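From a predicted model like this one, the values you see are computed outputs, not experimental measurements.
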Amino acid sequence: MVNKYLLLLVLSVMVASFSQILLKKSAGKAYASVLKEYLNPLVITGYGMMVLSTLLTVGGYAGLEYKNGAVIEALGFVLVMFLSRVFFGEKITKKKLLGNSLILLGILVFYS
């Protein structure tokens with residue numbers, strides 16, 4: 001059975017990754033004023049998701065050793081690469097694939 005605390009950390013990474021996408025999407029737009037630049041639905045939702053991610057991370061750490069956090073957080077790099085491809089059409093280069101493959105390999109080695 002999968003550890004519920006480990007699932008909380010994975011969910012935290014997923015929420016943080018989507019938050020980064022929202023914030024990047026907002027940063028790519030022009031706004032009429034500085035106030036609208038920071039007080040718009042994308043930014044507010046993005047930062048709200050970051051707070052949620054933090055709370056999920058704290059919940060995950062409640063039942064796991066701290067060494068697991070850094071390993072699970074590395075999944076964010078992999079997820080952001082794919083989300084950037086879907087939402088921004090960014091290329092997935094050979095270097096990105098190699099780097100993310102090494103991350104996944106490191107996670108597999110850590111947990112085996």
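Atoms OG and CE, from S19 and M49 in turn, are 6.0 Å apart once rounded to the nearest 0.5 Å. Taking OG1 from T93 and CG from N100, the interatomic distance works out to 9.0 Å, rounded to the nearest 0.5 Å. Taking CG from L56 and OG from S12, the interatomic distance works out to 5.5 Å, rounded to the nearest 0.5 Å. M50 CE to T54 OG1: the interatomic distance, rounded to the nearest 0.5 Å, is 7.0 Å. Expressed to the nearest 0.5 Å, how far OG of S53 lies from CE of M14 amounts to 11.5 Å.
Taking each heavy atom of T57 and E73 in turn, the nearest pair found is OG1-OE2, 3.9 Å. Contact record, I107 with A74: CD1-CB, 4.5 Å, taken as the closest heavy-atom pair. In this structure, A32 and K36 approach most closely via the heavy-atom pair CB-CD, 4.3 Å. Between V10 and L75 the shortest heavy-atom distance is CG2-CD1, 4.4 Å. For the residue pair S26 and V43, the shortest heavy atom distance occurs at OG-CG2, 3.0 Å.
Proximity of a side-chain donor or acceptor of S101 to a complementary backbone N or O of L97 within less than 3.5 Å is detected. Looking at N40, its side chain does come within 3.5 Å of a backbone N or O of E37 through a donor-acceptor pair. Of the possible polar contacts, one joining the K96 side chain to the K91 backbone as a donor-acceptor pair under 3.5 Å is found.
The hydrophobic clustering, which links ILVMFWY residues whose side-chain heavy atoms are closer than 4.5 Å, places L22 and Y31 apart. No continuous path of ILVMFWY side-chain contacts below 4.5 Å connects F88 to V80, so the two sit in separate hydrophobic clusters. Hydrophobic cluster membership differs between V51 and V58, with clusters built from Ile, Leu, Val, Met, Phe, Trp and Tyr side chains linked at under 4.5 angstrom. With hydrophobic clusters built from ILVMFWY side chains whose heavy atoms lie under 4.5 angstrom apart, Y5 shares a cluster with F110. When hydrophobic clusters are built by joining Ile, Leu, Val, Met, Phe, Trp and Tyr residues whose side-chain heavy atoms come closer than 4.5 Å, directly or via intermediates, F82 is not grouped with L102.
Annotation for Y38: atom OH does not count as buried by contact number, only 12 or fewer foreign heavy atoms lying within 6.0 Å. Annotation for M81: atom CE counts as buried by contact number, over 12 foreign heavy atoms lying within 6.0 Å.
With sequence neighbours excluded, the residues that form a side chain to side chain contact (heavy atoms under 4.5 Å, CB included) with L6 are N3, L64, I72, Y111.
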>> For N68 and Y61: C-alpha separation, side-chain torsions, deciding distance, then whether side-chain contact (heavy atoms from CB on, under 4.5 Å) applies.
In response: CA-CA 8 Å; N68 290 295; Y61 279 134; 5.9 Å; no

> Are V13 and L9 close enough, and set up right, to give a side-chain contact (heavy atoms from CB on, under 4.5 Å), and what steps lead you there?
Replying inline: CA-CA 6 Å; V13 169; L9 281 180; 5.8 Å; no

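By the 6.0 Å and 45° rule, K25 does not stack over the aromatic ring of F87.
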